[in-house]
Amino acid sequence: MDIDASASRNQTSPVAFARALADPTRQQIMKLICCEWLSVGEVVQAVGVRQPTVSHHLAVLRDAGLVNLRSEGKHTYYSLNQSMVAMCCNDLIKVLAPESKSASVLQDLLDG
């Protein structure tokens with residue numbers, strides 16, 4: 001079992017995060033792989049789009065650091081990098097809503 005370390009980078013740009021979230025199919029894929037490891041074939045069956053399309057969407061998510069990859073033989077399995085999603089959401093709140101209660105709560109959690 002080999003987990004791709006590049007999929008769990010320390011930082012994702014706000015643009016890459018927003019681009020990843022911008023597509024309804026990617027949102028559906030993120031929900032599917034949120035709490036389990038799925039192969040491309042399993043994602044294709046669940047989403048109902050062709051394999052090249054799913055592979056493209058997974059590449060966008062991978063490039064944004066939003067998925068973890070695990071190789072087993074000829075198959076690659078994907079799961080959502082929930083920590084990165086949370087960090088990106090936190091970064092957006094700090095930038096776009098710095099005076100909000102959510103930003104204050106998040107800062108208190110980080111400080112304390």
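- Pairs passing the side-chain hydrogen bond (donor to acceptor under 3.5 Å, both in side chains) check and including a residue from residues 83-97, sequence neighbours excluded, do not occur.
- At a threshold of 4.5 Å between non-hydrogen side-chain atoms, the residues Ser100 and Ile93 count as touching.
- Here the side chain of Asn81 pairs a donor or acceptor atom with the backbone of Gly65 at under 3.5 angstrom.
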Between Val40 and His75, does a side-chain contact (heavy atoms from CB on, under 4.5 Å) hold up when you go through it step by step?
CA-CA 8 Å; Val40 173; His75 299 283; over 6 Å; no
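- The list of side-chain hydrogen bond (donor to acceptor under 3.5 Å, both in side chains) pairs with a residue in residues 46-61, not counting sequence neighbours, reads Arg26-His57, Gln51-Ser55.
- For the pair Ile33 and Val67, the minimum side-chain heavy-atom distance is below 4.5 Å.
- The shortest distance between side-chain heavy atoms of Val43 and Val54 falls below 4.5 Å.
- Between Arg62 and Leu58 the shortest side-chain heavy-atom distance does not fall below 4.5 Å.
- Atom-to-atom distance recorded for Met87:CE and Phe17:CZ is 10.5 Å, nearest 0.5 angstrom.
- Heavy atoms only, all atoms of each residue included: Ala64 and Ala16 are closest at CB-O, 3.8 Å.
- Distance check: Asn68 CG to Gln82 CD gives 9.0 Å after rounding to the nearest 0.5 Å.
- Counting heavy atoms from C-beta on, the side chains of Tyr78 and Leu61 never come closer than 4.5 Å.
- Atom CD of Gln28 is separated from atom CG of Asp23 by 10.0 Å, given to the nearest 0.5 angstrom.
- Among residue pairs with one or both ends in residues 29-42, none qualify as salt bridge (Lys or Arg N to Asp or Glu O under 4.0 Å); sequence neighbours excluded.
- To the nearest 0.5 Å, atom OG1 of residue Thr12 and atom CG of residue Asp63 are 10.0 Å apart.
- For Ser39 (side chain) and Thr76 (main-chain N/O), no donor-acceptor pair under 3.5 Å exists by modelled atom type.
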